Amino acid sequence: MRLSRYFLPILRETPKEAEIVSHRLMLRAGMIRQESAGIYAWLPLGLRVLNKINAIIREEQTRAGAIECLMPTIQPADLWRESGRYDAYGKEMLRIADRHDREMLYGPTNEEMITEIFRASVRSYKDLPLNLFHIQWKFRDEVRPRFGVMRSREFLMKDAYSFDLTAEAGRHSYNKMFVAYLRTFARMGLTAIPMAAESGPIGGNSHEFIILASTGESEVFCHKDFLSFAPPPASVDFDDAAGLQGIVDKWTSRYAATSEMHDATAFATVPEEARVAARGIEVGHIFYFGTKYSEPMKAVVNGPDGKEVVVQMGSYGIGPSRLVAAIIEASHDDNGVIWPESVAPFHVGVADLKVGDQATGKVCAALIEQLENAGLDVLHEDRDERPGAKFATLDLIGLPWQVLVGPKGLAEGRVEVKQRRTGERELLAPDDAVTRIVAAIRPGRA
RNA sequence: CGGGGUAUAGCGCAGCCUGGUAGCGCGGAAGUUUUGGGUACUUCAGGUCGCAGGUUCGAAUCCUGCUGCCCCGACCA
């Protein structure tokens, strides 16, 4: 992608409303634009990151046996009357009327709808277990939206819903998502800690997945062992119920709680040097709520004995749009964002330091071709700007690797390879620069 | 939902008190500069002064009402 032909509206000055670093950087890097309180347009660079996050979520959900579908944003009110939540949900639900004055709503979540879909088609225990997920925009009319996409009214959510015949099978489904979440966040470079949580209006047992960040909205307390636990490997067998339970047991074996669930007495039994009291950002929340919806909405299957059984359910949410901000909170410096390679909008920025110069232009073209052939996303910084402006732009948008191609280095047959995270620079021949970067990002392909 | 603030060019702001028809920096365009960490200079373009009423010969400025946005608190699958 040529930057001169791209749409990247960078701001040199910080808009005054942006209070936290992720909001400031997302605005400055041209990732989002606010259209109304808590409602944002995703500009090309921001959308690339959002899509990469979604791709990781999809892979891990699929690995854990969940199946993707897509439900609508607009739902009929009657569905919510069945569960009793139409009145219970309150003002956070955006209620609308269509031209026939039918009561509709913009979905804040989808338990009712998925239950309706399930009961319409599933009749037998043989079709269980079943876990359906989708990634869809939600709207919750927050009293006070703030912090950019961290706490917005319209936001993207991955929500999965599991259906099982027995509570034991339901526990297994819950554990699948628990383990999938550990892997999902780890792949984005985040250390997410599962914490026992209050379940709120959805009801039942639940865990919140929290990443530690000074700008987090919740106060959290945990054992510092969590910071060094290795995430489950890709080879984990999701059908091995005992194995999964072992992983979940390990990740719930130490003290971890948000302020609502905090038990100071229990926390005091943690050795003082292992106590972590910090602020955190909720990036995922999983619930096991049994028959809370299946009972009133009559989601039943025939069991092996021919009798009707009300199914056991759970729901599992991740906020991809919030994750974009959360990753920035966890990974940035004074110059801008530092993207983990797995979610970076582009892996590499190739900067032509003297646009119009034949030699630099030729080397840039060759570098880009080789990097793209190796499967990397490359941004060509080909704007007619001073080198300083290019360096500042690339640092701001946080691409993990920069290749700087200028006449001075080229006179020696060298280009400069800079790693955004460490600031480490190496002067290499162009071919070696490609090898170096490809080896770092795609170890198997160098 | 309570409290506070604010609204003037894409962004950051001045002008308002003391009414006379809008300005600065950045950004944008054209040009000079040919540059290795947001360069300097010249010229230019860009504004229903949030909206609606009122006072006045005259309103960005004074008065009234409304709305948007921001901050603090409460709230928050």
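A quick note: this is a predicted structure, and the numbers were derived from the prediction, not measured. In what follows, chains carry the letters A, B, and so on, assigned in the order in which the sequence lines appear, proteins first and then strands, with residues in each chain numbered from 1.
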In a table with atom names and distances, give each donor-acceptor pair under 3.5 Å that connects a side chain of residues 26-34 of chain A to protein atoms at least two apart or in another chain.
from    : atom 1 : to      : atom 2 : distance (Å)
A:Arg28 : NE     : A:Leu11 : O      : 3.0
A:Gln34 : OE1    : A:Tyr40 : OH     : 3.3
A:Gln34 : NE2    : A:Ser36 : O      : 3.3

| field | Upstream residue (5' side of RNA chain B) when A:Arg28 and A:Gly317 are each assigned their closest nucleotide | value |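 Nearer the 5' end of the strand: A:Arg28.
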| said: For A:Arg153 and A:Ala389, find the nucleotide of RNA chain B closest to each by heavy atoms; which residue's nucleotide sits nearer the 5' end? | reply: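 By nearest-heavy-atom nucleotide position, the 5'-most residue is A:Ala389.
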| field | Distance, nearest 0.5 Å, that separates CE of A:Met157 from CH2 of A:Trp137 | value |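 Nearest 0.5 Å value for the CE-CH2 distance: 12.5 Å.
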Starting at [atom1] of [X] and ending at [atom2] of [N], how long is that distance when rounded to a whole Å?
| X | N | atom1 | atom2 | result |
| --- | --- | --- | --- | --- |
| A:Glu35 | B:C69 | CD | P | 12 Å |
| A:Phe147 | B:C70 | CZ | P | 12 Å |
| A:Leu27 | B:G12 | CG | P | 10 Å |
| A:Arg33 | B:C11 | CZ | C1' | 10 Å |
| A:Gln34 | B:C11 | CD | P | 11 Å |
| A:Lys91 | B:C75 | NZ | C1' | 13 Å |

Who are the salt bridge (Lys or Arg N to Asp or Glu O under 4.0 Å) partners of [X], not counting sequence neighbours?
| X | result |
| --- | --- |
| A:Glu426 | A:Arg436 |
| A:Arg414 | none |
| A:Asp334 | none |
| A:Arg2 | A:Asp382 |

Close N or O pairs between protein and nucleotides 32-34 of chain B (under 3.5 Å):
none

| Inter- and intrachain pairs under salt bridge (Lys or Arg N to Asp or Glu O under 4.0 Å), touching residues 55-76 of chain A, at least two apart |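 Found A:Arg58-A:Glu68, A:Glu59-A:Arg187, A:Glu60-A:Arg63, A:Glu60-A:Arg183, A:Glu60-A:Arg187.
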| query | Tell me, which pairs form a salt bridge (Lys or Arg N to Asp or Glu O under 4.0 Å) where one or both residues lie in residues 389-408 of chain A, sequence neighbours left out? | reply |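 Matches after skipping sequence neighbours: A:Glu381-A:Lys390, A:Asp395-A:Lys418, A:Asp395-A:Arg420.
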| query | Taking the side chain of A:Ser36 as its heavy atoms from C-beta onward, which of B:G37, B:C69, B:G36 lies nearest to it? | reply |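 It is B:C69.
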| request: Can you figure out which of B:G37, B:C75, B:G36 approaches the side chain of A:Val143 most closely? | output: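 Output: B:C75.
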For nucleotides 25-30 of chain B, give me every protein contact, N/O to N/O, under 3.5 Å, one pair per line with atom names.
from  : atom 1 : to      : atom 2 : distance (Å)
B:G25 : N2     : A:Glu13 : OE1    : 2.8
B:C26 : O3'    : A:Arg12 : NH1    : 3.2
B:G27 : OP1    : A:Arg12 : NH1    : 2.1

| query | Do the charged groups of A:Glu329 and A:Arg279 touch, with an N to O distance under 4.0 Å? | reply |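 Between A:Arg279 and A:Glu329 there is no salt bridge, as every charged N stays at least 4.0 Å from the carboxylate O atoms.
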| said: Under a 4.0 Å threshold between the charged nitrogen and the carboxylate oxygen, would A:Glu111 count as salt-bridged to A:Lys292? | reply: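 Salt bridge between A:Lys292 and A:Glu111, a charged N being under 4.0 Å from a carboxylate O: no.
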Restricting both atoms to N or O, compile the protein contacts to nucleotides 4-8 of chain B shorter than 3.5 Å, with distance only.
none

| query | Which pairs pass ring pair (Phe, Tyr, Trp, His ring centres under 6.0 Å) with one or both residues in residues 53-80 of chain A, sequence neighbours excluded? | reply |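 Checked against ring pair (Phe, Tyr, Trp, His ring centres under 6.0 Å) - neighbours excluded - the pairs reaching residues 53-80 of chain A are A:Trp80-A:Tyr89.
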| task | For nucleotides B:U55 and B:G10, find the distance between their P atoms and express it as a whole number of Å. | result |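 These two P atoms come out 32 Å apart once rounded.
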| Have A:Arg275 and A:Tyr255 got a donor and an acceptor in their side chains that come within less than 3.5 Å? |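 The answer is no; no qualifying pair exists.
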| field | Partner nucleotide of B:A29 by Watson-Crick or wobble geometry (both distances under 3.5 Å) | value |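 Pair assignment: B:A29 / B:U43.
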| request: Check whether any side-chain heavy atom of A:Tyr161 sits under 4.5 Å from a side-chain heavy atom of A:Phe118, and report yes or no. | output: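 Not touching, per the 4.5 Å side-chain cut-off.
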| message | So A:Phe226 and A:Pro194, do their side chains get closer than 4.5 Å, heavy atoms only? | response |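 Counting from C-beta outward, A:Pro194 and A:Phe226 do come under 4.5 Å.
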| said: Within the 4.0 Å heavy-atom criterion, would you say A:Glu416 contacts the bases, only the backbone, or no part of the nucleic acid? | reply: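 Base: the residue A:Glu416, judged by heavy atoms under 4.0 Å, touches a nucleobase.
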Are there any protein N/O atoms within less than 3.5 Å of an N/O atom in nucleotides 40-43 of chain B, and if so, which ones and at what distance?
none

